[in-house]
Enquirer: 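This structure is in structure tokens; I'll ask about it shortly.
Keep in mind that this is a model prediction, so the values were computed, not measured. Because only heavy atoms are used, hydrogens play no part in the values below, and waters and symmetry mates are left out as well, while side chains stay in.
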Amino acid sequence: MRRSLMGVSLGYILSKTWKFSYEDAAPSAMIGASNHFEVAIATATILFGLSSGAALATVVGVLIEVPTMLTLIKICLRTRGWFPRRGPTAA
């Protein structure tokens, strides 16, 4: 969980520093902080077996991580005014 917080914070702050628009800053911060949950679950299950503690811990970690990421998305939505607006796009 701490890695996600740090990853999103760092990505979001750097995006502001580099003058990204909000539409680019928020997704790049979230993608940069993702932990590839599905790969972690599959790897733990394959390496340690379905009934292992490692596989269980990996699944529980995802259950904790998802509400954390949703909270970070809410923070991004509330701070979207910090970023320059993207100009109109040509069709």
Side-chain angles (χ1 to χ4, degrees):
M1 184 167 79
R2 185 178 298 162
R3 254 192 320 183
S4 292
L5 284 170
M6 288 181 359
V8 169
S9 300
L10 180 63
Y12 207 56
I13 290 167
L14 286 175
S15 295
K16 181 167 175 34
T17 303
W18 293 330
K19 297 182 178 15
F20 284 12
S21 68
Y22 171 77
E23 292 82 4
D24 294 328
S28 63
M30 293 296 163
I31 291 168
S34 74
N35 291 325
H36 304 287
F37 301 130
E38 299 86 1
V39 176
I41 292 170
T43 303
T45 303
I46 289 170
L47 290 177
F48 303 109
L50 199 52
S51 61
S52 72
L56 177 64
T58 305
V59 172
V60 171
V62 172
L63 296 175
I64 293 169
E65 199 78 26
V66 169
T68 302
M69 293 301 276
L70 291 173
T71 302
L72 292 171
I73 289 169
K74 195 172 203 173
I75 292 169
C76 287
L77 286 170
R78 288 187 179 176
T79 58
R80 66 181 148 204
W82 294 359
F83 294 89
R85 298 202 56 116
R86 181 187 283 179
T89 58

Enquirer: Does Leu50 have more than 12 heavy atoms from other residues, nucleotides or ligands lying within 6.0 Å of its CG?
Expert: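 It does not: Leu50 CG has 12 such atoms or fewer within range.
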
Enquirer: Find the distance between CG (Leu56) and OG1 (Thr45) and round it off to the nearest 0.5 Å.
Expert: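 It is 10.0 Å, given to the nearest 0.5 Å.
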
Enquirer: List the atom of Gly11, the atom of Ala29, and the distance in Å for their closest heavy-atom pair.
Expert: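 Nearest heavy atoms, Gly11 then Ala29: C-CB, 4.0 Å.
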
Enquirer: Out of curiosity, does Tyr22 fall in the hydrophobic cluster containing Ile13 (side-chain heavy atoms, cut-off under 4.5 Å, transitive links)?
Expert: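 Different clusters: Ile13 never reaches Tyr22 through Ile, Leu, Val, Met, Phe, Trp or Tyr contacts under 4.5 Å.
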
Enquirer: Going only through I, L, V, M, F, W and Y residues with side-chain contacts under 4.5 Å, is there a path from Phe20 to Leu10?
Expert: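 Shared cluster, yes.
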
Enquirer: With rounding to the nearest 0.5 angstrom, report the CE to CG distance, Met30 to Leu72.
Expert: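 Nearest 0.5 Å value for the CE-CG distance: 5.0 Å.
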
Enquirer: Test Cys76 against every option in Trp82, Tyr12, Phe83 by the side-chain contact (heavy atoms from CB on, under 4.5 Å) rule and name the one that passes.
Expert: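 Considering Trp82, Tyr12, Phe83, a side-chain contact (heavy atoms from CB on, under 4.5 Å) with Cys76 is found only for Tyr12.
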
Enquirer: For side-chain contact (heavy atoms from CB on, under 4.5 Å), just list the numbers for Thr43 and Phe48, CA-CA rounded to whole Å, side-chain angles, deciding distance to a tenth of an Å, and then say yes or no.
Expert: CA-CA 8 Å; Thr43 303; Phe48 303 109; over 6 Å; no

